[in-house]
Amino acid sequence: MSRPLIFAANWKMNVAPAEARAFATRFLDGFRPGPGRSCWFFPSAVSVEAAAAAFGTHSWLAIGVQDVHWEPKGAFTGATSVALAAAAGATVALVGHSERRHVFGETEADTARKVGAALAGGLVPLLCVGETLAEREAGQTEAVVLRQLGAALAGLGPAALARVIVAYEPVWAIGTGKNATPADAARVHRAVRGALVAAGHPEPRVLYGGSVNQGNAAALLAEPELDGVLVGGASLDPAGWRSIVEGA
Ligand code: 13P
């Protein structure tokens, strides 16, 4: 498979700084990324700096942050600004992850502000969209995903839009062991890609996330609509994650 692929590891609320260092040592030992393959890691904010230092600089690597606040600084207890994340070594930011939306109550307006802040501060936003099970069962998958996309990207100029990468993560597939079939994912990816092209994105990239693991990554990535994967649980073990990155 020769097209460029992004393998993104979302470590969620796991992996302390020392564990990130140990992970990097094990992951990098003999690692030879295939041509066009990138590997992105999203540690907890407290481990971003350790991960950035431990992985070092590679053309195929990026370190990201799992969330950013839209304000540049100030009294926002617990939040991470774009500038703080960048100073710790992040070059990418997850924005609008389903857990931010559904566990922490982040609104579509919040997500839009975070996309704008990430872009203004020089981070690549990896914007996550996805429908709940109820929305899927009501036949609203595309409508929900396109509404989330439109809300998050409204008002971006062409240069800003061109830097946005999207992850389709159906909420019902996250951490449940139930993944979308390659054909199901491809249908939504086509809709997302179409909307991005219509909005002026020159080269949309759309990752899939939700219960991706060693057993299903290759089949999912055989579907050309997928430009990569965004993986939670199966990215926490260095050997297992490497086999996904190297093998799919
Ligand atoms: P799982 O791979 O654990 O289902 O998580 C997916 C996810 O939310 C990645 O951002």
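The structure displayed is predicted, hence computed values, not measured ones. Worth knowing before you read on, the calculation uses all heavy atoms, side chains too, and leaves out hydrogens, waters and symmetry mates. Counting convention: from 1, in listed order, for ligands and their atoms alike.
Between R113 and E71 no salt bridge is recorded (no basic side-chain N to carboxylate O distance below 4.0 Å). In summary, K114 and D67 engage in a salt bridge, as defined by a charged side-chain N under 4.0 Å from a carboxylate O. Salt bridge present: D227 and R193 bring a charged side-chain N and a carboxylate O closer than 4.0 Å.
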Donor-acceptor pairs under 3.5 Å, side chain of residues 169-187 to any protein atom, not counting sequence neighbours: which ones?
from, atom 1, to, atom 2, distance (Å)
E169, OE1, H97, NE2, 3.1
W172, NE1, E131, OE2, 2.8
T176, OG1, W172, O, 2.8
T176, OG1, A173, O, 3.4
T176, OG1, K178, N, 3.1
N179, OD1, N216, ND2, 3.3
T181, OG1, D184, N, 2.9
T181, OG1, D184, OD2, 3.4
D184, OD2, R136, NH2, 3.0
R187, NH1, E142, OE1, 3.3
R187, NH1, E142, OE2, 2.8

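Taking a heavy-atom cut-off of under 4.0 Å, ligand 1 is surrounded by N10, K12, H97, E169, A173, I174, G175, G210, S211, L230, V231, G232, G233.
Residues A85 and L123 share a closest heavy-atom pair of CB-CD1, 4.3 Å.
Crowding of E49 atom CD: a count of heavy atoms from other residues, nucleotides or ligands under 6.0 Å not exceeding 12.
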